[in-house]
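Worksheet: the structure to be examined is printed underneath.
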Amino acid sequence: MAIVHLTRGWHRAQDGHPWVFAGEIETIGGDFAPGDLVTVVDHRGRFVGRGFINPASLIRVRLLTHRDEQVDDDFWLARLRAAWELRRSFWVESAFRVVFAESDGLPGLVVDRFGPWLVMQTLALGVEVRRDFLVEALRSLTGCTGVFLRNDAPVRELEGLPQERGPAPGTPPDLPTRVEVTEGDVRLWVDVAEGQKTGHFLDQRLNRAAAARLAPGARVLDAFSYTGGFAIHAARAGAREVLAIEASAWAVGLARENAELNGVADRCRFQEGNAFDLLRTLDQERERFDLAILDPPAFARSREALEGALRGYKEINLRALHLLNPGGYLVTSSCSSHLDPDTFLGVVAGAARDAGRRVLVLEARGQPPDHPILLGYPESRYLKCLICRT
Ligand code: SAH
């Protein structure tokens, strides 16, 4: 096994972080193929960890363990089993995240379960080269027969990996890619082939339920609604009227079907369009709401993009606050890991100041327990959701 020698000085990997960046490496002794296991040592030769190497990635080594242990098939199986057992110990629903990458000690591997399907993303070379093994192991562990590969995630390009999607070998050919899942008493269509990311944003599940508690009798605005998750939860909880805004025509179509499925189509309106523009138009038309929900895509996909992203977050929050009746609620989210919770709070505070509104934060929420945050790996803490009252 090749030995990766870190440069002199402190490195995050020595504090338990799972990444070794290219610039932190002094030399590499021995031969290796891309995706191979390597041992990482500090500049004095002391053991730091073991993981897989990708010469095409800035994240040169992703560590699987900080202990001097063997990484064989049993090691991978134990990691998968631990991830599955963790979910089974608290989860009863048909849809949840089975594997959350580095947080589960499985760098670059994301697996979501939707009924009979596992949707799998191999976002790092080390798990890509072990894909067939991982697929079979996950099948026998979970009993799910269908495995759909959603390797059309842009982050794969940073690993030098191609974009691809399709069922994994061994998937029953007649298994429909569109399945119904439940979130509490809400039923939702999820399309594992055509949907965004893995098909459905599981990470907002508990926040959708929390927002729905504020919905009885309310006129609700759900901006960036995708297939209507927040909108339908709110309508089911007794919202008087829901307006949802979404840029993707495909998502709007499925949102309408989801409203039908839940018997709330008469109280939901789904508008296709750009939320930035439509929020402004609604204000010009003097439309007012009792509950506004903002769940935009990650505006900051890199640290460099943060400044522009902050302006975007501020703008939509300002616009949403303008649209709220006195005493109205704002449920506002950000899923950029580059935006830390305090900075996000500051952005919303700035929007409140500019809107001339006094705003109380009732709850500062985050991600559900099937997306656990790994201490020492701040990148795993990415979702912020503030429940505010004006
Ligand atoms: N709230 C959703 C998830 C939202 S994901 C849920 O609970 O399931 C973010 C959504 O914003 C995506 O569906 C994306 O298509 C949409 N989107 C991105 N940019 C947009 C824009 N400028 N205006 C409206 N929608 C946008």
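Atoms within a ligand are numbered from 1 in the order they appear, just like the ligands themselves. All residue numbers in this chain count up from 1 along the given sequence.
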Fill in: Identified side chain to side chain contact (heavy atoms under 4.5 Å, CB included) partner of Leu221 from the options Ile293, Leu294, Leu243
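With Leu221 as partner, side chain to side chain contact (heavy atoms under 4.5 Å, CB included) holds for just one option, Leu243.
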Worksheet item: Do Arg219 and Phe289 meet the cation-pi criteria used here (NZ or CZ under 6.0 Å from the six-membered ring centre, within 45° of the axis)?
Response: yes
Fill in: Cation-aromatic face contact Arg389/Tyr329, 6.0 Å, 45 degrees
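Yes, a cation-pi geometry.
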Practice prompt. Please check if the side chain of Thr390 supplies one atom and the backbone of Gly328 the other of a donor-acceptor pair under 3.5 Å.
Written response: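 Yes: the side chain of Thr390 pairs with the backbone of Gly328.
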Item to complete: Would you check if the side chain of Arg60 reaches a backbone N or O of Ile25 as a donor-acceptor pair within less than 3.5 Å?
Response: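 No, the answer is negative, given that no donor and acceptor are paired below the 3.5 Å cut-off.
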Donor-acceptor contacts, no H, no angles, side chain residues 50-59, under 3.5 Å, sequence neighbours left out:
unit_1 : atom_1 : unit_2 : atom_2 : d
Arg50  : NE     : Thr39  : OG1    : 3.0
Arg50  : NH1    : Asp68  : OD1    : 3.1
Arg50  : NH1    : Glu69  : O      : 2.7
Arg50  : NH2    : Thr39  : OG1    : 3.1
Arg50  : NH2    : Asp68  : OD1    : 3.1
Asn54  : OD1    : Ala56  : N      : 2.9
Asn54  : ND2    : Glu159 : O      : 3.0
Asn54  : ND2    : Glu159 : OE1    : 3.0
Ser57  : OG     : Ile59  : N      : 3.0
Ser57  : OG     : Ile59  : O      : 3.2
Ser57  : OG     : Glu159 : OE2    : 2.8

Hey, what polar pairs (N/O, under 3.5 Å) does ligand 1 make with protein?
unit_1   : atom_1 : unit_2 : atom_2 : d
ligand 1 : 1 (N)  : Phe224 : O      : 3.1
ligand 1 : 1 (N)  : Asp295 : OD2    : 2.7
ligand 1 : 7 (O)  : Arg208 : NH1    : 2.6
ligand 1 : 8 (O)  : Arg208 : NH1    : 3.3
ligand 1 : 13 (O) : Gln196 : NE2    : 3.2
ligand 1 : 13 (O) : Glu246 : OE1    : 2.8
ligand 1 : 13 (O) : Glu246 : OE2    : 3.1
ligand 1 : 15 (O) : Gln196 : NE2    : 2.9
ligand 1 : 15 (O) : Glu246 : OE2    : 2.5
ligand 1 : 22 (N) : Asn274 : OD1    : 3.0
ligand 1 : 23 (N) : Ala275 : N      : 2.8
ligand 1 : 25 (N) : Ala247 : N      : 3.1

